[in-house]
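Let me begin by presenting the structure, written as structure tokens, before commenting on it.
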Amino acid sequence: MESLNFIEHIIEEELKSGKVKEVITRFPPEPNGYLHIGHAQSIWLNFSLGKKYKGKTNLRFDDTNPLAEESRFVEAIKRDIAWLGFEWEGSVLFASDYFPQLYEFAQTLIKKDLAYVDDSTLEEIRRMRGVPTSPGDESPFRNRSVEENLDLLERMKSGEFEEGSKVLRAKIDMSSPNMHLRDPILYRIIKSGHHRTGEAWCIYPMYDFAHGQSDYIEGITHSICTLEFEIHRPLYDWFLDHLADPSKVRPRQIEFARLNLNYTITSKRNLKRLVEEGHVDGWDDPRMPTISGMRRRGYPASALTMFAEKVGVAKRENVSDMSLLEFCVREKLNKSATRVMAVLDPIKVEISNLDDNYAEELPIENNPEAPESGSRMVPFSNQLYIERSDFMEDAPKKYFRLKPGGVVRLKGAYIIHCDEVIKNESGKIIKLKCSQIANSKSGSDTSGVKVKGTIHWVSAKHCGTAEARIYDRLFNIEYPLKDKDKDVMEFLNPDNLSIIDTIYIEPSLRFAKVGESFQFLRKGYFVLDSDSTSDKLIFNQAVSLRDGWAKKN
RNA sequence: UGGCCCAUGGUGUAACUGGCAACACGUUUGAUUUUGGUUCAAAAGAGUCCAGGUUCGAGCCCUGGUGGGCCAACCA
């Protein structure tokens, strides 16, 4: 039997008992930044629940704070969700679409004597709210008449009062141990343009007054959010108790633990800092744990949803291993990425027994995991580059690559024997003189020579060049936010990006398209970055290949 | 001196109305391999935070602790 997460258990019970007839979820981002991997999980959760139970999922922007929100974020968020492969029901929705209705809800509460306009200052309200361990004090404005409150709210709406001079509050319980029930603020005055409603409003609802009612208006059945909203649930329900039509679908808020990843952060506030303080090049910098960053890094969308699924959903605080995400990335790319050869740190190889105008095209498979992908022709000559790490002068016994007097297979080509090591004055190896073993051609090898290793190569006469950007973990400690006395930025990994300005790539790579993923044989998965130009290709390393040799050494 | 929530290998999740703690990642070992990749096979690693209780039987139920998270923006 397939195991269910706790939300699915709840849903299935409700479905069985008839408490709910269908499942309608929503993903409710605030357009004040880019989406990160934690949001990817929430998106996956909401949309897959909708799909699994044959319901639907809305995309609704929670845009109730004009000071923070911008339409460029709306666009970026839509792009990311679509890229992940999810389709929201109908058109994109906005909490701001419901401002008129929300305003009526506010009037309804006033008429029920459950809300009042408070003239107290911010500081006074804060002080009267008290602290969790002892009751707060009631506002002197708490007992205004319904008529006065209605009038005052209307005048707040029409712009008669200054920002901060008045708020609308719910009349609940100033002594509640739950701070959110101590007469929470419903509306505040903000005289600032809104990304969608422009100057139409100068009062804006608070999150608590907007979210649940928006869910209710849309007929959402399950309003899934993260744990920090757990304490808001009594308020969520209180509004519904007083405003919802009992004959209509009543949304239920369910909280789950947000996803965290080690060696990085998933807090919008800190991601914003990374961008604004210039620690990265933007929200879509490949080092960022944002969906856009991961896309640019070369992580496939399917790897992100696979990761979300494998991590699972529960209520306990958790920090997932980056290695699981990387596993998902490799898993997907292994099946889809074309294999090509690129030398990142070259050492020249001259094949002495081939003459200078020798040229040959050799067929090399595009992807052994997908035989139908066929092969391509790769030029071979007497001048090659191999990886510096594929040669060792004093090699240990288990070193399977090239060494003086040793042999190695050039992938898809010939076996070569290392005859001579050429060094410069400072002792650095600049060239290897090798000889090609007769009859050792790949696929028709009758030489009888046994090799332990196969290495990649490019023809120095035919190859192109490119820049490679190699990424490492963003932060150099596992839990960057753990030490609250220190600034997270202190823990940034100074080596989180290394740029190799010239790598040597096989000619076929000249036709790579931006966003196209490749496996650089024996190195890792790379994607062509959008910074590339027609005369300069730039590849991002999504993730290296697993390396059993490196691990042991 | 408050309230709400959580606690299962290193990590993340399972264990449906109590019934031999399972899966994945990671780690280690071996085999295969013209990628030290992939694939395949295997191993190590928790007795379920602690103490009581109920029960033939508790990771699951009850009580009390302990530890952790969240709550005092006119943010979401």
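Quick note on labels: first sequence line is chain A, next is B, and so on, each numbered from 1.
Using the six-membered ring where Trp is involved, A:Phe239 and A:Phe209 have ring planes that are perpendicular, over 60° apart on the 30 and 60° scheme. In this structure, A:Tyr414 and A:Phe380 have tilted ring planes: the angle between them lies in the 30° to 60° band. Aromatic ring orientation, A:Phe61 versus A:Phe94: parallel (interplanar angle below 30°, classes split at 30° and 60°). In this pair, A:Phe73 and A:Tyr34 present their aromatic rings perpendicular. The plane angle is above 60°, beyond the 30 to 60° band.
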Worksheet entry | 5'-to-3' dot-bracket of RNA chain B (Watson-Crick, G-U; under 3.5 angstrom; crossing pairs as [ ]; | other strand) | .((((((..((((.....[..)))).(((((.......))))).....(((((..]....))))))))))).....
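With C1' as the reference atom, B:rA73 and B:rG9 are 41 Å apart, rounded to whole Å. Taking atom P in both B:rG52 and B:rA58, one finds a spacing of 13 Å when rounded to whole Å. Taking the P atoms as reference points, B:rA42 lies 12 Å from B:rC23, given to the whole Å. Taking the C1' atom of each, B:rC20 and B:rG57 are spaced 12 Å apart, rounded to whole Å. To the nearest whole angstrom, the two P atoms, one in B:rG45 and one in B:rC4, are 41 Å apart. Straight-line distance between the P atoms of B:rC60 and B:rU55: roughly 16 Å, to the nearest whole Å. The P atoms of B:rG30 and B:rA21 are separated by 31 Å, rounded to the nearest whole Å. Remark: the separation of the P atoms in B:rU27 and B:rU33 is 24 Å, to the nearest Å.
Of the options A:Asp183, A:Asp118, A:Asp173, a salt bridge (charged side-chain N to carboxylate O under 4.0 Å, His left out) to A:Arg142 is made by A:Asp183 and by none of the others. Across A:Asp119, A:Leu152, A:Val117, A:Asn149, a single residue satisfies side chain to side chain contact (heavy atoms under 4.5 Å, CB included) together with A:Phe141, and that is A:Asp119.
Note that the OG atom of A:Ser48 and the CD1 atom of A:Ile43 stand 11.5 Å from one another [nearest 0.5 Å]. Note that CE of A:Met206 and CG of A:Leu102 are 13.0 Å apart. Values are rounded to the nearest 0.5 Å. Within the model, atoms CD1 of A:Ile77 and CD of A:Glu30 stand 8.5 Å from one another, a figure rounded to the nearest 0.5 Å. The distance from the CZ atom of A:Arg144 to the NZ atom of A:Lys171 is 11.0 Å, given to the nearest 0.5 Å. From A:Leu93, atom CG reaches atom OH of A:Tyr98 across 4.5 Å, with rounding to the nearest 0.5 Å.
Residues A:Leu186 and A:Asp208 are not in side-chain contact: their nearest non-hydrogen atoms beyond the backbone lie 4.5 Å or more apart.
As a whole-Å value, the separation of A:Leu324 CG from B:rU13 P is 11 Å. Between the CD atom of A:Glu309 and the C1' atom of B:rC25 there is a distance of 15 Å, given to the nearest Å. In this structure, CE of A:Met341 is placed 16 Å from P of B:rU34, rounded to the nearest angstrom. Counting to the nearest Å, the P atom of B:rG2 and the CG atom of A:Asp173 are 18 Å from each other. Nucleotide B:rC4 holds its C1' atom 9 Å from the CZ atom of A:Arg233, rounded to whole Å. Distance, A:Tyr34 OH to B:rA76 P: 22 Å, rounded to whole Å. In this structure, CD of A:Gln519 is placed 9 Å from C1' of B:rU38, rounded to the nearest angstrom. When rounded to the nearest whole Å, the span between CD of A:Glu326 and P of B:rU27 equals 11 Å.
In this structure, A:Tyr399 reaches the bases: a heavy-atom distance under 4.0 Å links it to at least one base atom across the strands shown. When heavy atoms are screened at a 4.0 angstrom cut-off, A:Gly412 is found touching base atoms of the nucleic acid. Nucleic acid contact for A:Val451: none, since no nucleic acid atom lies under 4.0 Å from a heavy atom of the residue.
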Practice prompt. Quick one, give me the B/S/- string for nucleotides 39-49 of chain B, reading 5' to 3', where B means a protein heavy atom under 4.0 Å from the base and S means that only happens at the primed atoms, P, OP1 or OP2.
Written response: -----------
Worksheet entry | Base-contact (B) and sugar-phosphate-only (S) positions in nucleotides 68-75 of chain B, heavy-atom cut-off under 4.0 Å, - elsewhere | -SSBBSBS
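Shown here, B:rA73 is classed syn by the O4'-C1'-N9-C4 or O4'-C1'-N1-C2 angle, which is within 90° of 0. With a glycosidic angle further than 90° from 0, B:rG26 counts as anti.
The base of B:rU35 does not come close enough to the side chain of A:Arg522 for any donor and acceptor atom to sit less than 3.5 Å apart. A donor-acceptor contact under 3.5 Å is not formed by the side chain of A:Thr454 with the base of B:rU35.
Ring-to-base geometry places A:Phe400 in a stacked arrangement with B:rG36 (centre distance under 5.5 Å, plane angle under 30°).
Few gaps surround NZ on A:Lys52; more than 12 heavy atoms of other groups in view lie less than 6.0 Å from it.
Among B:rG26, B:rC5, B:rU13, the nucleotide with an atom closest to any side-chain atom of A:Ser323 is B:rG26.
For the segment residues 474-482 of chain A, the set of residues with a heavy atom within less than 4.0 Å of an atom of RNA chain B is empty.
Nearest heavy atom pair, residue A:Pro368 against residue A:Arg339, reads CD-NE, 3.8 Å.
In this view, A:Lys482 satisfies the salt bridge (Lys or Arg N to Asp or Glu O under 4.0 Å) rule with no residue, not counting sequence neighbours. Scanning for side-chain hydrogen bond (donor to acceptor under 3.5 Å, both in side chains) contacts around A:His195 gives A:Asp63, with sequence neighbours left out.
For B:rC23, neither phosphate oxygen OP1 nor OP2 lies less than 4.0 angstrom from any side-chain nitrogen or oxygen of A:Lys310.
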